[in-house]
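Working notes, beginning with the structure itself.
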Amino acid sequence: MKKFQLCLITTLVFIPTSHAELIEKTTTASTEHFSSIIHLESLQHIQEHPKLTVPHVYELNNRFHVRSLFVESPTLPMVDIQLTFNAGSARDQSIGTNLYGLSNMAAQLLDEGTDNYSAQEIVSTFESVGAKFSASAHRDMFIVKLRALSDPAKLEPALDMLLEVLNHSAFQNSSIDLVLSNTAVGQKQLKENPSRMKNIVFYRTLYGKHPYAEPITGTQTSIKRISAENLVEFRKTYLIRQNLNIAITGQLKEKEALKLAERIAEHLPEGEKVPPLPTPVLRSNFNVRHIPYKSNQAHIIMGEIATTRDDPDYLALQVANRIFGTGGFNSILSQELRVKRGLTYGAYSSFSFMQTAGPFSLGYSTEQKNLLESIQIAHQALVNFIRSPIDEKLLQQTKLGMLRAFPNNYRSNAAINAQLGSIGFYDLPKDYLNRYSEELNKLTVPQVQNAIRKHLHPDRLTIIIFSEELDKAALNQILQDNLRINQNSDGIKTPIASKTSESYHPPKEEAPLPDSFQYDTPALISDNDL
């Protein structure tokens, strides 16, 4: 007969001796485990977000005169390369009439086969050395990225394939057909999303015939016109040395980075540098567009053409925008529309700074019954913001918040390299990251106020409204009344008849937006003027 011993755990039970030994070992291990947890409490004294130092940026003065910026990052055995070409969707029309979406399609198909390699061989080459390749088109720029190990045995094959793709992409018809098929799938989703559609109409209405008005991804009609010959011509015309800026971040020394930049520049074809984009035409009055849309929610976006990325007022406008519309619940727009009145779940404002003047916009959605009241409040908030002095304490708090957030721009190699790409493309000084804090700290209330009044005009707004109904006469009267009021208003004015805005022609089908984008806001539009 087996012997039993009595063990006390949480209750009294009879357990075989062998099991008791197991429990004893488990209990001992558990005690050691809890002891380890106690020791781990010391980790709470480690900084959750250690202070990040601004990276030192090297200007790699190469013999090909291609601007190249480099940051040494010795921590990881990786290299990030970004090639930024002056070749965004704003250049599509230069290749041929109604070829909107050309640059975007080129980006999608760049690695889908060359004269020497199939798409599978290209993918296999990058994967075999642990490299990641990507290409994307934006309004101003065409971006090619490569992330690879810094080991020359891994980096060299990846770089060779990058140059092969840039110089010899074939843009086969089978790949083009696949893009057209995928575009058709995304069309229904686009039409059912008024938040995206309002941006489409906004850009086209705001910019008219300017290249920024045209879609990054193209319209259903335009992308069907794009041929392999068009894509090859785009590559040969724009993906050239004269249109290029190079950004490199990673485990390299300065001389190694310079050698890498020169190799890239040397193996890209020469050509003619693109001319500057035309200056967009500014409005001098309101332009209201109503798009009938059956929903309980109305969707609104309003704004105007503002200024460029290299404007001296750039930083002052960033501060102003944070105060007005991007500071969360504390922003003026959120306070007026959501916190005080509960008219929306969220409201925003933004500047898109580009090569030529980009837009300022504010937007939100609200219940149909609150449409006119919400527009009156939002527009009046903008009027008051432009006319009223900014509180000194609020300015200091805003600047402090921006200073605390700025290290996010260089928390990783990828983030650093994106900053280098922007600095190079917009011809900013190489020590821009170092200057940022100093320049931000020096900003004064008069400087911010002057920038606001110079670039924002509440009497020249383009207003796009997706809703079931709109009393245009009442809306126009509200807007005019707001301009005559010099102080904050807590209620909507009684609407009276006024002049109506111009009529609207519904858009045709558009291509879907890209999955991701950088620096600017894409817009998709119909082939006809709206």
Side-chain angles (χ1 to χ4, degrees), residues 43-57 69 71-73 75-76 80 247 249 306-307 309-339 345-353 358 360-362 381 385 389-423 426 428-452 455-456 516 518-521:
L43 293 176
Q44 67 183 334
H45 301 297
I46 297 177
Q47 287 182 310
E48 183 180 355
H49 301 292
K51 183 177 181 180
L52 298 175
T53 57
V54 178
H56 177 73
V57 179
L69 301 175
V71 166
E72 182 180 355
S73 181
T75 306
L76 296 174
D80 282 280
T249 300
T307 189
R309 176 60 184 84
D310 60 358
D311 193 302
D313 291 327
Y314 168 79
L315 197 52
L317 291 173
Q318 290 282 62
V319 172
N321 186 60
R322 188 177 178 91
I323 294 173
F324 181 71
T326 60
F329 289 156
N330 291 325
S331 70
I332 292 172
L333 203 55
S334 287
Q335 282 287 316
E336 294 298 325
L337 286 174
R338 176 172 181 168
V339 178
Y345 282 110
Y348 69 90
S349 70
S350 67
F351 282 94
S352 293
F353 298 98
F360 163 80
S361 64
L362 68 88
F385 180 64
I390 293 175
D391 179 73
E392 176 67 37
K393 183 178 179 181
L394 177 59
L395 176 62
Q396 296 306 322
Q397 290 175 341
T398 301
K399 293 197 296 183
L400 181 59
M402 293 175 68
L403 287 171
R404 287 173 175 169
F406 188 66
N408 288 326
N409 291 289
Y410 46 85
R411 289 189 67 89
S412 66
N413 287 7
I416 292 171
N417 218 45
Q419 288 294 317
L420 297 185
S422 180
I423 290 170
Y426 291 112
L428 304 176
K430 74 179 183 70
D431 60 346
Y432 169 78
L433 297 177
N434 297 82
R435 293 186 184 185
Y436 180 88
S437 297
E438 180 183 352
E439 295 297 324
L440 184 59
N441 274 320
K442 290 194 304 184
L443 278 177
T444 64
V445 167
Q447 286 176 313
V448 175
Q449 200 72 62
N450 289 338
I452 293 170
H455 298 287
L456 297 183
S516 62
Q518 195 172 356
Y519 304 124
D520 57 359
T521 305

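We're numbering straight along the sequence, starting at 1.
- The line from CZ of Phe324 to CG of Leu362 is 5.5 Å long, rounded to the nearest 0.5 Å.
- In this structure, Ala247 and Gly421 approach most closely via the heavy-atom pair CB-N, 3.8 Å.
- Of all the heavy atoms in Gln449 and Phe385, the pair that sits closest is NE2-O, 3.6 Å.
- When atom types are taken as modelled, the side chain of Asn321 and the backbone of Ser349 share a donor-acceptor pair closer than 3.5 angstrom.
- Every residue meeting the side-chain contact (heavy atoms from CB on, under 4.5 Å) condition with Glu392, not counting sequence neighbours, appears here in chain and number order: Gln396, Val445.
- Remark: the backbone N or O of Asn413 is not paired with any side-chain donor or acceptor of Asn417 at under 3.5 angstrom.
- Ring-plane geometry between Tyr432 and Tyr436 is classed as perpendicular, the angle between the planes exceeding 60 degrees on a 0 to 90 degree scale with a lower cut at 30.
- Qualifying side-chain contact (heavy atoms from CB on, under 4.5 Å) partners for Asn434, counting only residues two or more places apart in sequence or in other chains: Val54, Asp431.
- Distance check, rounded to the nearest 0.5 Å: CG of Leu395 to CG of Leu443 gives 7.0 Å.
- Of all the heavy atoms in Leu333 and Gly325, the pair that sits closest is CB-CA, 4.3 Å.
- Not one N or O on the side chain of Ser334 forms a donor-acceptor pair closer than 3.5 Å with the backbone of Asn330.
- Tyr410 is not listed as a side-chain neighbour of Thr53, based on a closest heavy-atom distance of 4.5 Å or more.
- Across Lys442 and Gln447, no two heavy atoms sit closer than the pair O-OE1, 3.4 Å.
- Here Glu439 pairs with nothing under the side chain to side chain donor-acceptor pair (under 3.5 Å) rule; sequence neighbours left out.
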Worked verdict on Leu428 versus Arg309 for side-chain contact (heavy atoms from CB on, under 4.5 Å): CA-CA 9 Å; Leu428 304 176; Arg309 176 60 184 84; 3.2 Å; yes

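- When all heavy atoms of Ile423 and Pro429 are compared, the closest pair comes out as CG2-O, 3.5 Å.
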Derivation of the side-chain contact (heavy atoms from CB on, under 4.5 Å) call for Leu433 and Phe406: CA-CA 9 Å; Leu433 297 177; Phe406 188 66; 3.7 Å; yes

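- Side-chain contact between Tyr348 and Thr326: absent, with no pair of heavy atoms (C-beta onward) separated by less than 4.5 Å.
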Carefully, step by step, assess Thr249 and Asp80 under the rule side-chain hydrogen bond (donor to acceptor under 3.5 Å, both in side chains). CA-CA 5 Å; Thr249 300; Asp80 282 280; over 6 Å; no

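- Residues Leu317 and Ala451 come closest through the heavy atom pair CD2-O, 3.6 Å.
- With Arg338 contributing its side chain and Tyr345 its backbone, the two residues share a donor-acceptor pair below 3.5 Å.
- Taken to the nearest 0.5 Å, the CG atom of Leu420 stands 7.5 Å off from the CD1 atom of Ile416.
- Atoms CD1 and CD1, on Ile323 and Ile390 in that order, are 4.5 Å from each other to the nearest 0.5 Å.
- Note: Arg435 CZ to Leu315 CG = 12.5 Å, rounded to the nearest 0.5 Å.
- If you take CG on Asp311 and NE2 on His455, they are separated by 4.0 Å, rounding to the nearest 0.5 Å.
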